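Data first, discussion second: the structure below is written as structure tokens.
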Amino acid sequence: MNPEKPDRNLAMELVRVTEAAAMAASRWQGRGDKESGDQAAVDAMRAVLDTVPFDGTVIIGEGEKDEAPMLYNGERVGTGNSPAVDIAVDPVEGTRLLAEGRPGSLAVMAGAPAGTMFDPGPCVYMEKLVVGPAAVGAIDLDRPIDENLAAVAKASGRSLADITVVMLDRERHEEAKRRVREAGCRLQLITDGDVAAGLVAAWVDRPQIDVLYGIGGTPEGVITACAVKALEGEMLGRLWPRSDAERQAAIDGGYDLDSVLTQDDLVTADDCFISCTGITTSQLLRGVSFDVRGATTESLVMRAKSGTVRTIRARHKLEKLRGYAAVPY
């Protein structure tokens with residue numbers, strides 16, 4: 001039996017969720033407190049999710065129930081009405097960016113029909129490679145990054161010197177950084193936030209980045225896959241255990257650690273959605289701004305089935321919202 005498909009209007013419901021999380025979190029911008037900023041976003045996201053007309057199950061959340069009192073893996077959210085939906089949430093992607101007042105933090109949420117979203121189980125990290133439509137079919141995660149870059153340049157009809165790679169600035173990427181530089185490509189290192197980087201890499205309308213590569217969060221990888229499907233790019237991933245204990249737990253759980261996962265493995269349904277709202281300004285979105293009239297947010301809403309990508313710039317009258325909303329704006 002095919003899973004019940006979410007209504008297309010669900011995409012517009014999801015943006016209300018990420019807008020609320022972004023506005024709540026943004027009050028903590030630059031205050032040096034990652035935990036409080038993240039908690040504000042979690043509380044706001046959960047409060048608005050309670051009003052969304054669907055039967056949601058958190059597949060990618062804040063952790064297991066004993067570690068996260070809200071938005072934990074397996075939690076049921078929404079009004080309980082049809083359709084049944086798997087959801088992935090990252091109330092603040094880039095908590096350090098938010099705490100330090102740096103560009104690039106986002107509130108993100110993705111949804112797909114129940115039973116179609118990959119559950120990473122014990123695997124916190126994965127190796128990822130993301131490209132846009134011009135390079136679909138040209139990449140192979142079993143090849144070194146420099147060979148993949150040569151293939152991307154050839155597929156897109158460009159010089160290697162024109163290709164920009166984005167990568168998390170981590171010690172584990174030293175060899176990959178060396179190969180990118182020796183290939184003659186441009187390298188952009190980021191401290192956090194590879195969901196936003198993956199979106200930009202896959203999106204032809206944002207040509208600043210051509211390739212995302214590196215080892216980052218598996219939950220973020222599942223969210224990125226929803227966007228890659230909508231943007232008609234390509235994503236390849238492979239689970240990357242951090243320790244022997246995590247490796248054994250994954251094997252015991254039936255995970256194939258050698259398998260290369262595509263965006264269609266990470267989210268098997270075509271009718272998936274993603275919404276993200278800027279908290280602090282980045283290449284992808286403007287951050288939340290406040291003035292005497294209220295707050296302004298900028299969001300992206302994508303639906304893979306139709307390929308529709310919406311940019312939504314919203315004005316929020318906080319005085320009115322405070323009169324009825326459960327979120328302390």
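If you're wondering where the values come from, they're calculated on a predicted model, not measured in any experiment.
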Inset, instruction - Kindly check if the number of other-residue, nucleotide or ligand heavy atoms within 6.0 Å of CD (Glu232) is above 12? - result: no

Inset, instruction - Assess whether atom CZ of Arg247 is packed by more than 12 heavy atoms of other residues, nucleotides or ligands within 6.0 Å. - result: no

Legend entry - Any donor-acceptor N or O pair under 3.5 Å, side chains Thr281, Arg286: no

Inset, instruction - Would you tell me whether Asp244 and Gln248 have side-chain atoms, one donor and one acceptor, within less than 3.5 Å of each other? - result: no

Inset, instruction - Keeping the roles fixed (side chain from Thr51, backbone from Val48), state whether a donor-acceptor pair exists under 3.5 Å. - result: yes

Inset, instruction - Could you give me the CA-CA distance, side-chain angles and deciding distance for Glu246 and Ser243, then say whether side chain to side chain contact (heavy atoms under 4.5 Å, CB included) is met? - result: CA-CA 5 Å; Glu246 191 172 294; Ser243 64; 3.5 Å; yes

Legend entry - Shortest non-hydrogen separation from Asp265 to Phe118 and the atoms involved: O-CB, 4.0 Å

Legend entry - Closest heavy-atom pair and its distance - Val200, Leu284: CG2-CD1, 3.9 Å

Inset, instruction - Output yes when a side-chain donor or acceptor of Asp210 lies under 3.5 Å from a complementary backbone atom of Thr164, and no otherwise. - result: yes

Inset, instruction - Please lay out, stage by stage, how Ile163 and Arg158 fare under the test side chain to side chain contact (heavy atoms under 4.5 Å, CB included). - result: CA-CA 8 Å; Ile163 300 297; Arg158 299 163 64 198; 3.8 Å; yes

Legend entry - Test: Glu19 and Arg16 ion pair at under 4.0 Å: no

Legend entry - Carboxylate-amine/guanidinium contact Asp291 Arg315, below 4.0 Å: yes

Inset, instruction - Give the minimum heavy-atom separation between Cys276 and Leu199, together with the two atoms involved. - result: SG-CD2, 4.0 Å

Inset, instruction - Could you tell me whether Asp192 and Arg170 make a salt bridge, using a distance below 4.0 angstrom between a side-chain N and a carboxylate O? - result: yes

Inset, instruction - Using salt bridge (Lys or Arg N to Asp or Glu O under 4.0 Å) as the criterion, list what pairs up with Asp169, not counting sequence neighbours. - result: Lys177

Inset, instruction - Answer yes or no: are there more than 12 heavy-atom neighbours, outside Arg238 itself, under 6.0 Å from its atom CZ? - result: yes

Legend entry - Evaluation steps, salt bridge (Lys or Arg N to Asp or Glu O under 4.0 Å), between Asp33 and Arg31: CA-CA 6 Å; Asp33 187 344; Arg31 293 171 62 180; over 6 Å; no

Legend entry - Modelled atom types, side-chain donor and acceptor of Ser159 and Asp162, under 3.5 Å: no

Inset, instruction - Please check if the side chain of Asp146 supplies one atom and the backbone of Ala183 the other of a donor-acceptor pair under 3.5 Å. - result: no

Inset, instruction - Specify the closest pair of heavy atoms between Leu49 and Leu71, including all atoms of both residues, with the distance to one decimal. - result: CD1-CD2, 3.7 Å

Inset, instruction - State whether Glu100 and Lys34 are salt-bridged, where the test is any N-O pair (Lys NZ or Arg NE/NH1/NH2 against Asp/Glu carboxylate O) under 4.0 Å. - result: no

Legend entry - Residues Glu174, Arg178: salt bridge by 4.0 Å N-O rule: no

Inset, instruction - Would you mind checking if Glu319 and Lys317 are paired as a salt bridge, meaning a charged N to carboxylate O distance below 4.0 Å? - result: no

Legend entry - Donor-acceptor side-chain pairing of Thr297 and His316 below 3.5 angstrom: yes

Inset, instruction - Please write out which residues are connected to Trp28 in a hydrophobic cluster, directly or through intermediates, given that two of Ile, Leu, Val, Met, Phe, Trp, Tyr count as joined at side-chain heavy-atom separations below 4.5 angstrom. - result: none

Legend entry - Arg179 charged N/C atom sitting above Tyr213 aromatic ring, 6.0 Å / 45°: no

Inset, instruction - Supply the members, apart from Tyr125, of the Ile/Leu/Val/Met/Phe/Trp/Tyr cluster built from side-chain contacts under 4.5 Å; use none for a lone residue. - result: Val124, Ile215, Trp240

